[in-house]
Amino acid sequence: MTANSSSSYEAQASVKDRLRPYVWTLRNGLRTIRFLFGRFPRECSVCGYKGRFFAYGNPLSLGINIDSLCPRCLSHERHRLLALFDKERDLFSGRSILHFAPEKGLANYVRSKKPSRYVTCEYGGRDADLDINIENIKLNDGEFDMIVCCHILEHVDDSLAIPELYRILRKGGQLIAMTPVIEGWQDTFEDRSKQRTTEDRILYFNQHDHLRFFGSDLRERLRQANFEVEEYTAVEPEVSKYGLIRGEKVFLCRKP
Ligand SMILES: [Zn+2]
């Protein structure tokens, strides 16, 4: 729109027209407050809770999800999606598992499935069994049957991390990779010049510590490390029942 057409719009717009976006935004903001502690009753596939979920939004990111957080086990949509997948595939029982940045509810869920060995890890954290830098893992080749890696790859150099994850899996072992993916983008967006400041990272990557938004080429990045990639997503009625994000994926990556 040119400067001229913009000012002509301003001249023609009534006071009501100009106030409308303010009214809509305030009204929707008040509705959001009303539903902070739940809109619909849901069910948690992680802990079995039935009832209202709380809204969740990272204060350092943009947006808030209504009916996101299980008030009993603190699961989010992605954890409930993974637990649903596990109910189909029995991913954890009897297997040796390494869990990166373990979320409490999901960690308890995995333990309840009686893995043969369950090791948690975090980079620089104190609440896990091991302190591991995913880009340079100080573990032997082929140590684990299964790796759980939820919302990690968007924070790190995935070109280093994915081959390391492949290396520490035994032959036939599997990586569970979950990360935000923009399916409409062929190519991952990770412009380094947009990663320098907190404000830029929030603006371009939606969170202060994100380094990229993966596009649909995430699959190719996983395959380049020799993984065989399988995908799981939930459909209705499970999506509404368990409060999931439509189209969210679990990538199950097998080391052949
Ligand atoms: Zn729960």
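Atoms within a ligand are numbered from 1 in the order they appear, just like the ligands themselves.
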Problem set entry | Aromatic plane relationship, F189 with W185 - under 30° parallel, 30 to 60° tilted, over 60° perpendicular | perpendicular
For this session: Kindly indicate whether a cation-pi arrangement holds for R201 with F205, taking the cut-offs as under 6.0 Å to the six-membered ring centre and within 45° of the axis.
Result: no
For this session: Could you tell me whether the side chain of D129 and the main chain of C121 form a donor-acceptor pair under 3.5 Å?
Result: no
Exercise. Short question: side chain of R72, backbone of C47 - any donor-acceptor pair under 3.5 Å?
Worked result: yes
Problem set entry | Under 2.8 Å from the Zn ion (ligand 1) - protein N/O/S, by chain and number | C44 SG, C47 SG, C70 SG, C73 SG
Exercise. Taking only residues two or more places apart in sequence or in another chain, which ones pass ring-ring contact (aromatic ring centres under 6.0 Å, His included) with H210?
Worked result: H155
For this session: Could you tell me whether the side chains of T188 and R212 share a donor-acceptor contact shorter than 3.5 Å?
Result: no
